[in-house]
Trainee: 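Pasting a structure below so you can have a look.
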Amino acid sequence: MSLDEMADWRKTHLTKEVTSKLIGQEVVLGGWIRNFRDLGGLKFINLQDSYGERQITMKKGVVSDELFNNTKLGYQYCIMVRGKVKKFGNAPGGIEIIPSEIKILNKTPDKLPIDMTGETTTDLDLRLNNRALDLRSVRNQAIFAIRGELIKAAREFLFDNEFKEIYTPKIIGSATEGGTELFPIMYFDREAFLTQSAQLYKEQLSGVFERVFEIGPSFRAEKSHTKRHLCEIVQLDIEIAFADMTDVLKTLEELIYFVIKNIRNNQLGSLKILEMEEKTLLPELPFPRYTYDQILDLIQKKCKIPIEWGEDISTEAYRELENILPGYYYITHWPMAIKPFYIMPSKNPKYSESFDLQKGMLELSSGGTRVHNKEHLISALELKGLNPIAFESHLNTFDFGMPPHAGLGLGIARWLTVLCGLNDIREAVMYPRTPERLTP
Ligand code: ATP
Ligand code: MN
């Protein structure tokens, strides 16, 4: 089969723009064949683009014989259509297009590796192997439309609140929080690492720009095999000068509220596709706040799971807790011993000015007040068994009037998992990296 040239054809509209306002007009659409049906004298094509879908209707005798007889159709063929807009109540958007010409720009094998009609579900690994195709599915289009809205709304919220967007290096010369979870790389003839967080740079820049944020990649070399861990993640990092943890708790819950409001306003259709319109609701502010000690108490009393004071909270305990605390909530004042060196100890130095944001059993964010005094920071490093010499250039920035500051890091994919009701974090990134998966 020979292919057509796009030549001077250009789309006049996106599918979603073809509404009843355009009835009677000629439009040019382009996209992929999601589905097609041949009923003898009648052929239907579901044309999808990245904005929605519209029905193309070919009726024998209505469209030209040449078009009716000679148009070869296949799943996910890339096509452009020129045709007239007609009202048709049962089709997407209440519209059908009566084509005068169809161009087949590219075709596909007879059998696709995954089902794209949405009629059956395909194993996630097989889908990920064919990710660029898989991402065209209705479900994936919805997930990533929500991600787009999340990022856009988060940026809008932050810019509106006088934050400045920063870009920090992803190739670093020394470990951020200890040397364990880093990917080493060669930097010419030296060893370097992929960054595990923007932590140190965003702290430095809070002493310059005061309110900073970054949405960027971090790399975690953990061989985790869970449904919530990836080796490459995108984090939303926020750092605020002249602030402490309480300011950050407030900023974060307001940001979450604003983002969900925008998703509900602008992506309700996507939430519906994912059957989340009754679940991803505006949360009540402020979020419930529990101290680490209170949570331990709750776990011991209500869940009957023993946790030693000073230990991290186990996945099993979080899972039980979800029955009691299904929404967004904060856990504050963690034991200092399990928090990184840059976190400020509380008045009682067994505890720290730190928090996690939970949504049910899933940790979405960690943050806290930072240490801004250089001497204090040096002893904190030593206490964690880290060598202050390795942090010299970072420590030097604390000589020049570093303000008190606090901040957080939030995993975008974790949050998207929650917002979309996904059961595996790999569904929330376009190309997941896990210990096993380095392609595509
Ligand atoms: P966890 O205990 O769940 O492994 P963490 O406490 O090690 O997470 P942080 O260093 O606090 O993670 O990172 C900040 C946020 O980044 C987390 O709250 C989470 O949302 C996200 N995050 C961290 N590690 C991963 C990962 N490996 N995969 C996906 N998201 C992650
Ligand atoms: Mn954490």
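One-based numbering, in listed order, for ligands and for the atoms of each.
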Trainee: May I ask you to check whether Ser366 brings an N, O or S atom to under 2.8 Å from the Mn ion (ligand 2)?
Mentor: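 Within the cut-off used here (under 2.8 Å), Ser366 does place an N, O or S atom near the Mn ion (ligand 2).
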Trainee: At a 4.0 Å threshold, what atoms of ligand 1 neighbour a non-hydrogen atom of Ser366?
Mentor: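 Numbered from 1, ligand 1 contributes 11 (O), 18 (O).
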Trainee: Please confirm whether Leu364 comes within less than 3.5 Å of ligand 1 when only nitrogen or oxygen atoms on both sides are compared.
Mentor: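 Between Leu364 and ligand 1 (N or O atoms, distance only) the closest approach is under 3.5 Å.
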Trainee: Between the side chains of Glu277 and Thr280, is a donor N or O closer than 3.5 angstrom to an acceptor N or O?
Mentor: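 Side-chain D/A pair, Glu277 to Thr280: absent.
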Trainee: Which option wins on minimum heavy-atom distance to atom 8 (O) of ligand 1: Gln358, Glu363, Arg220?
Mentor: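 Looking at heavy atoms only, the winner is Glu363.
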Trainee: Looking only at N, O or S atoms in Glu363, which is nearest to the Mn ion (ligand 2)?
Mentor: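 Among the N, O or S atoms of Glu363, the one closest to the Mn ion (ligand 2) is OE2.
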Trainee: With side-chain hydrogen bond (donor to acceptor under 3.5 Å, both in side chains) as the criterion, how do Asp115 and Thr120 come out once you've worked through the C-alpha distance, each side chain's angles and the decisive distance to 0.1 Å?
Mentor: CA-CA 6 Å; Asp115 173 36; Thr120 62; 2.9 Å; yes
Trainee: Cation-pi check for Phe163 against Arg211: NZ or CZ below 6.0 Å from the six-membered ring centre and within 45 degrees of the axis, yes or no?
Mentor: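 Relative to the ring axis of Phe163, which defines the angle, Arg211 lies inside both limits.
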Trainee: Could you check whether any heavy atom of Ala413 sits closer than 4.0 Å to an atom of ligand 1, since that is the contact criterion I want to use?
Mentor: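 No, that is not the case, since the closest heavy atom of the residue is not under 4.0 Å from the ligand.
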Trainee: Please check whether Gly411 reaches ligand 1 - meaning an N/O of the residue sits under 3.5 Å from an N/O of the ligand, judged on distance alone.
Mentor: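 Yes; the residue has a nitrogen or oxygen that sits under 3.5 Å from a nitrogen or oxygen of the ligand.
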Trainee: Under a 4.0 Å heavy-atom limit, does Gln196 contact ligand 1 with its side chain, its backbone, both, or neither?
Mentor: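 Gln196 to ligand 1: no contact under 4.0 Å from either part.
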Trainee: To the nearest 0.5 Å, tell me how far Leu255 CG sits from Phe157 CZ.
Mentor: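 Nearest 0.5 Å value for the CG-CZ distance: 5.0 Å.
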Trainee: Given 3.5 Å as the limit, does a donor-acceptor pair link the side chain of Asp399 with the main chain of Leu395, or not?
Mentor: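 Looks like no, no N/O pair under 3.5 Å.
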Trainee: With ring centroids as reference points, do Tyr329 and Phe287 lie under 6.0 angstrom apart?
Mentor: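 So the answer is no for these two rings.
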Trainee: Taking 4.0 angstrom as the limit and counting only heavy atoms of Ser365, give me the atoms of ligand 1 inside it, by number and element.
Mentor: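 Counting atoms of ligand 1 from 1, those under 4.0 Å from Ser365 are 18 (O).
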Trainee: Need the ligand 1 atom indices (1-based, order shown) with element for anything under 4.0 Å from a heavy-atom of Ile233.
Mentor: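 Those atoms are 22 (N), 23 (C), 24 (N), 25 (C), 26 (C), 28 (N), 29 (C), 30 (N), 31 (C).
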Trainee: Looking at Gly409, which atoms of ligand 1 are within less than 4.0 Å of one of its heavy atoms?
Mentor: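 Counting from 1, the qualifying ligand atoms are 14 (C), 15 (C).
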Trainee: Rounded to the nearest 0.5 Å, how far apart are CZ of Arg220 and SG of Cys231?
Mentor: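 Going from the CZ atom of Arg220 to the SG atom of Cys231 covers 11.0 Å.
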Trainee: Looking at Pro349, is its backbone amide N or carbonyl O close enough to the side chain of Ser346 to form a donor-acceptor pair, meaning the two atoms are under 3.5 Å apart?
Mentor: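 Side chain of Ser346 to backbone of Pro349: no pair is present.
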Trainee: Would you mind running through ligand 1 and noting each atom that sits below 4.0 Å from a heavy atom of Arg228?
Mentor: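 The list of qualifying atoms is 28 (N), 29 (C).
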Trainee: Counting heavy atoms only, name the option from Glu222, Gln235, His229 that's nearest to atom 13 (O) of ligand 1.
Mentor: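 Checking each option, the heavy atom nearest atom 13 (O) of ligand 1 is found in Gln235.
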Trainee: Using a cut-off of 6.0 Å, state whether more than 12 heavy atoms not belonging to Glu5 lie near its atom CD.
Mentor: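 No, not enclosed.
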Trainee: Below 3.5 angstrom, do we get any N/O pair linking Leu230 and ligand 1?
Mentor: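 In this structure, Leu230 places an N or O atom under 3.5 Å from an N or O of ligand 1.
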Trainee: side-chain contact (heavy atoms from CB on, under 4.5 Å) between Tyr75 and Asn35: does it pass, once the steps are laid out?
Mentor: CA-CA 6 Å; Tyr75 292 111; Asn35 215 341; 3.4 Å; yes
Trainee: Could you list the atoms of ligand 1 found under 4.0 angstrom from a heavy atom of Ile425?
Mentor: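 Reading through ligand 1 atom by atom, the close ones are 29 (C).
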